[in-house]
Structures are given as structure tokens and as C-alpha cells.
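Predicted model only: the values in this text are computed from it and were never measured. Order of the sequence lines fixes the chain letters, A, B, ..., with proteins taken first and strands second; residue numbering starts at 1 for each chain.
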There are 2 protein chains.
Amino acid sequence: MIKKKENNTEKQILEAAKNIFQQKGMDGARMQEIADTAGINKSMLHYYYRSKQKLFDAVFKSAINLMAPKIIKIVETDEHLFDKIRSFTNKYISFMNKHSFIPTFIIQELNRNPDMIKEVFISKFDDSISEKLKKQIEELVEKGGIKPIKPEHLLINIVSMSIFPFMAKPLLSAVLQKNEKQYKQLINERKMHVAEFVIDAIKIK
Amino acid sequence: MIKKKENNTEKQILEAAKNIFQQKGMDGARMQEIADTAGINKSMLHYYYRSKQKLFDAVFKSAINLMAPKIIKIVETDEHLFDKIRSFTNKYISFMNKHSFIPTFIIQELNRNPDMIKEVFISKFDDSISEKLKKQIEELVEKGGIKPIKPEHLLINIVSMSIFPFMAKPLLSAVLQKNEKQYKQLINERKMHVAEFVIDAIKIK
DNA sequence: GTCTATAATTTGATAGAC
DNA sequence: GTCTATCAAATTATAGAC
């Protein structure tokens, strides 16, 4: 109770840092702007996080921690593959509607510094996740439940169609000549569309 | 003939600027590093391009000019839709194998400054391109040649599956546990795979 | 056209009072 | 814990000699 302010400020800083880093990236973000957004003094950033790099790391880790559990949870259920696909596209696109900067942010920073993935990601995604999904798909192929397809390609296809439209929004909305509202509508349709498109592609007959 | 050097230096600068800007982005790029890469003095950058922003603009424009014609050319042919799809995924993925930084670069910078698209893009993609493709798809749907699908979604699906794997390489290769060579192999398979996957999804029967 | 030297500004980080 | 003032380094940009 005594040190309520302390905790509060730290959260305010992290919240502001998320906003700025996710929109402008590590290189484009300015400590001053983060401080202004948090409504506190610039010195406080260093008091709580020592350096820009450490503050960035906290933001990046929090972004990963927000995304990873959603994937893992779906993959680990015992649903039929088709239902897993429906759950994934629906939940994932909904999630990104609320956190639209996260996918671009993560992928962009990972391209700048590919080694970051080893520190943060390996702990979250242990081998079993991808192995389990791989096995489920391979078994379905053998049983004749779906057309032959490499599990890797199926996964890449689903993830690509779910995430890319968020990253390429400025490009796609211009090419397709959609305004803000129309593009959002298009994205919402994809919650169902992507799943049915994928299922149509792999189901027999 | 007299001023051969002049032209040469300008090209060297642009070439070096492409390398640095496309890898590090506007914010992460340093004029000094561009000069070093070009093997010339930093002052020369300003002599030829006045400012970092103007040099960046030249690089960005050149990236757009490299990508856009490939899309337009394919869309404008009179091939059957299925063959257009095959041409697109094949040629596009081949292209990005050679220029792997371009898609991330364009999309990243467009997110930072969405207004850039109006200056560079509108002139390249006039309305007729997207309209023509839209019409071809709608006609095929009506004739019963393919399942009902919004042209917008079909376009987004194809582009997503072609481009995203390049942008998310650090992420995907880690999740799928592929080394450099294996991931490249996977990408190459996609030249054919994406087209057949899409065709399977939309064809009747 | 090309180089050296330097100006002008921005920015991450710290010292020290309260 | 929080603020003001300031440092030190980095970085874009320019002036001026050759």
C-alpha cells in the first residue's frame, strides 16, 4: 500500500512504451515521446528500465507473451483438424483486430535481430507443439481424410492469410480501393472465409 | 562521355542506399554506412541527393518500380484465371528470392507513412487493373467455372501466401525448425504449391 | 566532382536537488 | 520516487579548399 505510486508509474511507462515501440519500432521510437505519452518525466524511464534497449526488450517480450498462448492453446486441443482451423482463423483475426500493430512489430524487429527469437521464443514453443500438429495432419492424410499436403505448407498458408492482411493494410486498401470502414469489414469476413477456403482446398471430393 | 564519373557515382550511391535502407529501414539507416558501402565520401550523398529523406524517396520509388510492373503484366494478360494464378505465384516467388528485403521494406515504410502510397502508387496501378481482374473472377463465378468467392478475398489470399513467408522467415523457420537451406527449399516448393492450393480451393467438384 | 573539417541538432543517459 | 539541468555521443547537413 505504501508504494502504490511506484508500481503505477512503472505500468504507465510500459503501456506508453508499447504504444510507441509497436508503432515506430526500436529505431524510430524516441524516449522523449514515450515519456510524454506516459505523462511523466524522461528520467523516470531510465530509473525504472535503465536503458532504451531494456525497455524495448520488456515491450517485445510482452508482445510475444500476448500472442503465443493463443496459438498454443488451439493447437493443443483434441478437436478435429477442420475445427482447429476454424478456431484459429476466428480467434486470431479477432485478436489482431484489437492489437493491430503487434504482428508487424514482431516480424519487423525479428528481421532486424533474428537472434531475439532464440531467447524469447524457444521457451514458449517447445518442439512438441509443432510436432503434434504435424502428426495430426500426416495421420489425416494417410487415413484419406484430406488431400496430401505437407504440414509445413498448410501451417504457413493459414498463418499467412490470417496475418498478412493486417501488415499490408496500407498497400491492400489502396490497391482494392477500400476506405477504413470497408477494409475493416473485409477483414471481419476473413474470420470465416480463410477457414472455409483452406478446408475447401484440402478436403477430399 | 565527358562526365562519365558523375553518373557512375550517382548509381553507386543509389545501389548502396538500396542495400542499407532495405535492410535497416529509414530510421535505422545511417548516411555514413551508405557512404562506406558505396566506397565514397559522405558529402557526396548530399551533393547528389541533398538530404537523407530525398535519398530514401529515390530508393523507395525504385523498389515500387521493380515490383509493380510484374503484377500488372500478369494481371493484364488474357490467360485463363488458373494460368494467371500459376504465373503469378511462380514469377513472384522467384522475384522475391532475388530481392528478399523488398516486401518487408515496402510494407514497413508504408505503415510508418501511409500517405506515401498516394504519391507513388496511384500512378502505377490505375483503377483498371484491379477492376479487370475483379470482372474476370466475377464472370467465372457466374458461369459456374469456380466456386463463389469475392475477388478481393481471392487476391488477398494469393498475395498473402506468396509474400508473407519472406517477411516472416525468422519466425517461421524457428517455429518449423528449419535451417537456412531447408527453409529456402520450402519456399521453392511454394512456387507450385500455392497455385495448386488456391485452385483446389476454388475449382468446382 | 570530391574531399576535409566542422557546424547544428537530436537523443540516450546521468548527476544531483528535493 | 520524481524533477531540472546537463553531459556525451551520434548523426544529418553544410562550408570551403582543391
Side-chain angles (χ1 to χ4, degrees), chain A residues 1-63 105 108-109 112-113 115-116, chain B residues 1-63 105 108-109 112-113 115-116:
Chain A
M1 280 309 160
I2 291 167
K3 295 195 176 175
K4 192 183 170 189
K5 258 189 179 176
E6 172 193 330
N7 202 322
N8 208 0
T9 303
E10 193 170 347
K11 277 184 187 169
Q12 275 177 279
I13 291 175
L14 191 62
E15 198 52 41
K18 277 185 202 171
N19 284 328
I20 305 302
F21 274 127
Q22 287 177 12
Q23 288 185 52
K24 312 211 165 176
M26 171 66 177
D27 295 329
R30 295 291 161 248
M31 295 293 266
Q32 185 61 59
E33 195 178 359
I34 294 174
D36 293 346
T37 305
I40 48 99
N41 194 283
K42 196 174 55 158
S43 301
M44 291 288 91
L45 304 185
H46 290 93
Y47 178 78
Y48 282 103
Y49 291 91
R50 275 198 64 85
S51 71
K52 184 183 180 183
Q53 185 62 52
K54 288 210 168 41
L55 180 53
F56 171 84
D57 290 345
V59 170
F60 189 79
K61 205 170 273 187
S62 119
F105 171 66
Q108 177 192 141
E109 299 300 334
R112 291 267 176 290
N113 188 0
D115 291 333
M116 280 196 303
Chain B
M1 279 312 159
I2 291 167
K3 296 194 177 177
K4 192 185 171 189
K5 259 189 178 177
E6 171 192 332
N7 203 323
N8 208 0
T9 302
E10 193 170 348
K11 278 185 187 169
Q12 274 177 280
I13 291 174
L14 191 62
E15 198 52 42
K18 278 186 203 172
N19 283 327
I20 304 302
F21 275 126
Q22 288 178 10
Q23 289 186 52
K24 312 211 165 175
M26 171 65 178
D27 295 329
R30 295 291 162 250
M31 295 294 266
Q32 185 61 59
E33 196 179 358
I34 295 175
D36 293 345
T37 305
I40 49 100
N41 194 283
K42 199 176 51 159
S43 301
M44 289 290 91
L45 304 186
H46 290 93
Y47 178 77
Y48 281 104
Y49 290 92
R50 272 197 67 84
S51 71
K52 184 184 180 183
Q53 185 62 52
K54 288 210 168 42
L55 179 53
F56 171 84
D57 289 346
V59 170
F60 188 79
K61 205 169 273 187
S62 120
F105 171 66
Q108 178 193 142
E109 299 299 335
R112 292 267 175 290
N113 187 0
D115 290 334
M116 280 196 306

Quiz item: The side chain of A:N41 lies closest to which of these nucleotides: C:dC3, D:dC3, C:dG12?
Solution: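 It is D:dC3.
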
Euclidean distance, atom [atom1] of residue [X] to atom [atom2] of [N] [Å, nearest integer]:
X: B:D27; N: D:dT11; atom1: CG; atom2: P; answer: 12 Å
X: B:L45; N: D:dT12; atom1: CG; atom2: P; answer: 10 Å
X: B:I40; N: C:dT2; atom1: CD1; atom2: C1'; answer: 9 Å
X: B:Y49; N: C:dT2; atom1: OH; atom2: P; answer: 13 Å
X: B:K54; N: D:dT12; atom1: NZ; atom2: P; answer: 16 Å
X: B:M44; N: D:dT12; atom1: CE; atom2: P; answer: 17 Å
X: A:D36; N: D:dC3; atom1: CG; atom2: P; answer: 12 Å
X: B:Y48; N: C:dC3; atom1: OH; atom2: C1'; answer: 13 Å

Practice problem: Tell me, please, which residues at least two apart from B:D36 pass side chain to side chain donor-acceptor pair (under 3.5 Å). | Solution: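 Result, side chain to side chain donor-acceptor pair (under 3.5 Å) vs B:D36: B:Q32.
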
Quiz prompt | Set of salt bridge (Lys or Arg N to Asp or Glu O under 4.0 Å) partners for B:R50, sequence neighbours left out | solution =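 Applying salt bridge (Lys or Arg N to Asp or Glu O under 4.0 Å) to B:R50 gives none.
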
Self-check item: Partner residues of B:K52 under the salt bridge (Lys or Arg N to Asp or Glu O under 4.0 Å) criterion, sequence neighbours left out
Solution: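 Checked B:K52 against salt bridge (Lys or Arg N to Asp or Glu O under 4.0 Å); zero matches.
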
Exercise. Output yes when a side-chain donor or acceptor of B:E109 lies under 3.5 Å from a complementary backbone atom of B:M26, and no otherwise.
Key: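 Here the side-chain-to-backbone pair exists.
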
Quiz prompt | Short side-chain N/O contact from A:R30 to OP1 or OP2 of C:dT10, under 4.0 Å | solution =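 False: A:R30 side-chain N/O out of range (4.0 Å or more) of C:dT10 OP1/OP2.
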
Quiz item: Contact class for B:A35 (heavy atom, under 4.0 Å): base, sugar-phosphate, or nothing?
Solution: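 Nothing, no nucleic acid heavy atom in range.
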
Atom pairs and distances, donor-acceptor, side-chain atoms in residues 37-47 of chain A, under 3.5 Å, two or more places apart:
residue: A:T37; atom: OG1; partner: A:E33; partner atom: O; Å: 2.8
residue: A:N41; atom: OD1; partner: A:S43; partner atom: N; Å: 2.9
residue: A:N41; atom: OD1; partner: A:S43; partner atom: OG; Å: 3.3

Quiz item: When you check every protein heavy atom under 4.0 Å of nucleotides 13-18 of chain D, what one-letter string (B, S, -) results, 5' to 3'?
Solution: BBB---

Self-check item: Within residues 21-40 of chain B or reaching into it, pairs that qualify as ring pair (Phe, Tyr, Trp, His ring centres under 6.0 Å) - sequence neighbours excluded
Solution: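 For residues 21-40 of chain B: B:F21-B:F56.
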
Quiz item: For the residue pair B:Q22 and B:F105, what are the closest heavy atoms and their distance?
Solution: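 Looking at all heavy atoms of both residues, the shortest contact is CA-CD1, 3.6 Å.
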
